[in-house]
Amino acid sequence: MTTVDPTLGVCPVPAAETEKVLLGHGSGGQLSAELLRDILIPALGHAGAGAGVPEDAAVLDIDGVDLVVSTDSFVVSPLFFPGGDIGALAVHGTVNDLAMMGAMPVALAVAYVIEEGFPIADLRRVTASVGAAAAAAGVQVVTGDTKVVGRGAADGIFVTTTGIGRRLPTARISAAFARPGDVVLLSGPIGAHGTTVLSTRESLGFETEIASDTRALHRLVAAMLAEAGTDLHVMRDPTRGGVASALNEIAAASRVGIEIDEQAIPVPPTAAAACELLGLDPLHVANEGCLVAITAPDAAEALLATMRSQPEGVGAVRLGAVVGEHPGRVLMNTLMGGKRIIDMLVGEQLPRIC
């Protein structure tokens, strides 16, 4: 019989993972959704077109004018990468979040958290990029804030942008508005941003052949709304968590199923090679210059043609359809003739990607 010496005390019970914030809570996947659902939304309330519906921005009715507000923080590492940097990314990300609700940007606020010892030359470079990206998007930075923290309390510089936009009159867009029979469109290739940032960070060599797709999409959105109007039901920019997380959020919010075709998914060869080498699914990789749109079937072909006529949508494809079966689920029709469940990203495969 084995005895235990009572003087040794009791071994402490290890803390469950759910008791601490993990990198995966910032992934845009399942853990992010749980953080919102279980902690943030219950404490702060909700903002959006419907109660509890996750949207890229909030719509506020101010004296009969629909204003749209969004805020986002950027912690990408490295700060500079082929195709962009943290400054351009911060502007594009917030402008695009406004656009996904059918709004054109009116003004931006920018806040910096800077680590002591950060090179002034890099601060000038980031700020010049913010200014250039805002000017190219036709929006002014009207206010901001700067904080400096001690060495080790931040990693170089973190940027937060808040945007205000005015919603276009024909925009009636929400993640909850997808309906069976609707068509799923994608504005262009996926996987470039996430693989570029990771390759640059880890010196993998792919960054010599590929660049981030970061860009503003509001002009593409304006053209889409001019063509489709209220037949354009949903828009989403598949950033953290990629196309898979965006489609799963829409399926859950609209209580519908979504089916996409594997052969229709546009992945640049270099991004596909990087994903294969690293064991990544391109559907989970972050993008910063494309959008997912869900539209009424009668409007799909004309809308697709309009998207392809714009610089930001020249690579647009018909990705799949909304169905009444398997509500809340996203399935992929594979090249082998079968079906595969496409889940939201679990954990964090590419930390600090935006």
Side-chain angles (χ1 to χ4, degrees), residues 12 14-29 31-32 34-36 38-41 43-44 69-97 107-135 139-164 193-194 196-204 207 212 214 239-241 286 288 345 347-354:
E17 283 193 343
T18 53
E19 295 177 3
K20 295 182 179 180
V21 175
L22 308 175
L23 275 174
H25 284 111
S27 69
L31 289 179
S32 294
E34 291 173 6
L35 193 71
L36 286 168
D38 299 338
I39 297 177
L40 302 182
I41 290 176
L44 303 177
V69 181
S70 182
T71 193
D72 209 346
S73 294
F74 295 84
V75 297
V76 65
S77 175
L79 299 177
F80 308 101
F81 45 86
D85 55 55
I86 193 172
L89 195 64
V91 173
H92 295 158
T94 295
V95 167
N96 291 346
D97 282 345
L108 292 177
V110 177
Y112 291 163
V113 175
I114 308 170
E115 181 186 16
E116 180 188 14
F118 186 66
I120 290 293
D122 285 348
L123 180 60
R124 291 185 190 277
R125 185 177 172 188
V126 169
T127 306
S129 183
V130 169
V139 61
Q140 284 191 317
V141 176
V142 296
T143 189
D145 184 44
T146 301
K147 295 291 191 297
V148 177
V149 297
R151 294 176 186 270
D155 185 5
I157 186 172
F158 298 151
V159 181
T160 297
T161 44
T162 299
I164 298 176
H193 175 73
T196 297
V197 171
L198 180 63
S199 181
T200 305
R201 181 191 304 161
E202 304 299 336
S203 301
L204 300 179
E207 70 274 11
S212 170
T214 181
T239 53
R240 291 175 302 162
E288 293 291 345
L345 178 64
E348 176 62 278
Q349 65 175 4
L350 296 174
R352 295 186 61 184
I353 215 71
C354 59

Considering only distance and modelled atom types, tabulate donor-acceptor pairs under 3.5 Å from the side chains of residues 119-126, sequence neighbours left out.
none

Per side chain to side chain contact (heavy atoms under 4.5 Å, CB included), H193 is matched among T239, L198, L89 by L89
For G163 and L108 the tightest heavy-atom approach is CA-CD2, 3.7 Å
Residues 79-92 vs side-chain hydrogen bond (donor to acceptor under 3.5 Å, both in side chains), sequence neighbours excluded, gives D85-S129, H92-T214
So CG of L79 and OG1 of T200: to nearest 0.5 Å the spacing works out to 12.0 Å
The single option from D97, T94, T71 that satisfies side-chain hydrogen bond (donor to acceptor under 3.5 Å, both in side chains) with T161 is T94
Taken to the nearest 0.5 Å, the spacing of T196 OG1 from E288 CD works out to 11.5 Å
Smallest heavy-atom separation, I353 atom then A286 atom, equals CG2-CB, 3.5 Å
Are the side chain of E115 and the backbone N or O of A153 linked by a donor-acceptor pair below 3.5 Å?
no
Looking only at heavy atoms, the pair that brings A88 and A133 closest together is CA-CB, 4.0 Å
The reported gap from OH in Y112 to OG1 in T160 (rounded to nearest 0.5 angstrom) is 11.0 Å
Closest heavy-atom pair, R151 versus E116, reported as atoms and distance to 0.1 Å, is CG-O, 3.4 Å
Interatomic distance, CZ@F118 vs CG@D155, rounded to 0.5 Å, equals 9.5 Å
For R240 and C354, the nearest pair of non-hydrogen atoms, with its separation, is CG-SG, 3.3 Å
Residues P78 and V197: closest non-hydrogen pair is CD-O, 3.9 Å
Interatomic distance, OG@S70 vs CD1@I164, rounded to 0.5 Å, equals 11.0 Å
